[in-house]
Each structure stands twice: as structure tokens, then as C-alpha cells.
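Letters A, B, ... are given to chains in the order of the sequence lines, protein chains preceding strands, and every chain is numbered from 1.
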Amino acid sequence: MNTRERHQERRPRDLQDISHLYLSSGSAVADAAPPRAVVCLACAGSGPWRAFAAAGLARAFEAAGLDVTLLETGRALPNAGFYFALEPSAYLRPVLDPRAIVSGRPAGSLRFAYARDPSRLLPPSRGEGLPGRARIVLFAFDRSVPAPLEGLPPFVGELFPAATVPVSAGAPRRAALVTAGPDDAGGWLARLRRRFEDAFPGAPVLDLPLDGDEGTARRSNGGYGEGIARRSPPVLDLFGGAASSLLQRLAHGREDPR
Amino acid sequence: MSDPRLGSALRGGARITDRRIRRLHDLLCEELVLLSDGVEVEQAPFETRFSVEGRRFVLLSPYRELLLVGAGGGSVCEVRIGGEEDFIRALDLAIESFLQAFREGPRAPAPPLPR
């Protein structure tokens, strides 16, 4: 066996090799419908961060071997369609038709839909998705979304009634919240976080430092900002690390350290 | 919308007599202002300038029956708005120009003039 063969044999497993373990049901018999998780991405700041983070995180989950549905809503442009290189006539359609839905399939196991009106978005049906892949729904929104739960549409809770049941030892959490952007204008993110924790006790909460002092420094120093004007999903360690952390915490129910 | 920036931007479209073009002008202004809380609008006698982080990314030049949109800070790409197709192209260019300006970050203040 030569050096290369030995290296390949010892290659550390990456997230794609083991992601299916994190969202398994834990039962010996495969479920008829694959188990799913919902990750809510709430962006407080203005600017392109909502679309940028949504596209980046969706790509990271897809690269980890998951079947991903990205549902995005919010008033400001661009939407993730820009980062998935949709034609302008497609991703900008809601500007001329406020009821329009932008949709696409940027990759075999990544579906995307955007609407300015969140009531136009529907959760994926049980029949969708590639067999054999654990499924995840990423719901991305910002402060402009009008909803009873301040940005958390009812269907998120409807998708996972089990998530509201007190979690027994070993049972995985099925919902997670990711926050991004500075919490300004009355503490929108803080209120949202409290509402989420009430609805999904013990569910993982993660913050993406995209904006604010730290994010601004990274942007101007050619960090995250390098991809912000590019028509392709951002490939950043930030999103890969977030996806990895979320998958582990969803599976093991690790409490968010505060 | 009660955003004062939008009010300032919409004033520039008053000279457009074609209703269809005027509507597209107003729609464009609304979308540009919404790009970021940091977008600034400067109304000049014959044009409206949109900037972010101190960098101009769009220039609107309204005339009686047409609207010219210049996207970019350095080399400007100009689009003549005659209908919705032109509007979409101009808005896409404006978004790209905005993202470039956003990416570059705050423009450093000009050094003081020597005494």
C-alpha cells in the first residue's frame, strides 16, 4: 500500500459521511417518512445578510448530505435566488408581482422558494425529497415579516408538534434557531429568541456573527464579504461550522451554553 | 412608506410625464431604499444619487418621457427604462452595484486639505 492509499484509508470522516447519523430516528426500523428538522434563520440587520446566510447555510446542509428545502421571506432584495444565479427576470419577479413565488432547484437535493408574503410559502409535502437522505427545512426571514410570533410563522410549529413535548432523555430536538445581525430597534432578536425557547424548550440556538462590529471587520478585510457580490452560494467555514454544530446538537440535544 | 429617504427619492420623478415610466421610477426608488438602512439618497437638480458606505452605486436621471439608470460607482452601466424588461435589468445591475459597494465597506474620509 503506497502513501496515498494509506492516507485515504486513514482519511478523517467529514460531515457528509456521518450526517445521516445525526438525524436518525434512533429506531431499528426505518420510518416510512424520513425524520425532519426545521432550522429558523432570523436576520435582524439590514443589507444582503438574509439572502447571503440563507444560501450559504442551505448549501452547507446540502453539502453535508441532507435533503434541503430553503423557504425564504422578507421585503428587502436580494433574495437567495441571486446567490443561486437565477435569471433577474426570475428572482426579481416579486417586485412586479407581489404575490409571485420564486422557486428553483439549485442542486439535486436543494430546493428553494422565496415569497415576499410568508403566507404564500408552504412547507414541503411528505412525498418530496430524495429517498435515503435526512430532510431539513431552513426557514429564513427578517424583521419585515409580519407574523403573530414576530417572524415565526405558525406552520413552523405545526410541522413539529413533537418538538413542543418535553424531551425525554436521549430524544433528539427537531428545531433550531439561528440568529444573525445586530439586535437593534427594540431587541427584536432577543424577543424572538425567548418566544422560540418557549415554543421549543431545549432546542439549539446559534448566532452567526455576520454583521455588527465583528462582521463589519470581516467584510472590509475581505473575509465573508468576498462572496457577497458573487452570484453563487457562499462557501464559508462559518456556514459549514454552523451546519455541523446544529446537526450535532439536534441529534444529541445539547443545551446551548449561555 | 414613511421613510424620508423614499420621499426624497420620489421627488425626482416628478418631471416624468409618462405614467408607466413614472410608476417604474417610483418602484425602483422603493426597492433601492429597502436594500439597506444604510442607503443614502441625495437629490440633485437633475438626478438622484443612491449611496451606501459613502459609495455611490446608482444614479437616476429622470426626463419627461424616459428614465436613465446608471449603475456603478466607477465605470457606470447605463440603462434606458422603456418598460418592465428594462426595469428588471436596471434593478439587477443596481443590486450588483450595491453589493459591490457594500462589500468594499465604508469609504475612508478624505484627508484634510493642507493649510
Residues which pass salt bridge (Lys or Arg N to Asp or Glu O under 4.0 Å) with B:Glu96, listed by chain and number, not counting sequence neighbours: A:Arg231
Counting C-beta onward and ignoring hydrogens, is there a side-chain heavy-atom pair between A:Arg75 and B:Glu30 closer than 4.5 Å? yes
Quick check: are there more than 12 heavy atoms from other residues, nucleotides or ligands sitting under 6.0 Å from CG of A:Asp237? no
A:Pro48 and B:Phe98: which non-hydrogen atoms are nearest, and at how many Å? CD-CE2, 4.2 Å
Neighbours of chain A found in residues 41-51 of chain B - heavy atoms under 4.5 Å: none
Separation between CG of B:Leu99 and CG of A:Leu77, rounded to the nearest 0.5 Å: 10.0 Å
CZ/B:Arg15: more than 12 non-hydrogen atoms of other groups inside 6.0 Å: yes
Residue by residue, which of residues 80-88 of chain A have a heavy atom closer than 4.5 Å to a heavy atom belonging to chain B? A:Phe82, A:Tyr83, A:Pro88
So for B:Leu27, is it side chain, backbone, both, or neither that comes closer than 4.5 Å to the heavy atoms of chain A? side chain
Applying a heavy-atom distance below 4.5 Å, give me the residues of residues 86-94 of chain B that approach chain A, sorted by number. B:Phe87, B:Ile88, B:Leu91, B:Asp92
Atom OH in A:Tyr91, atom CD1 in B:Ile95: separation rounded to 0.5 Å? 3.5 Å
So what's closer than 4.5 Å to chain A heavy atoms on B:Glu31: side chain, backbone, both or neither? side chain
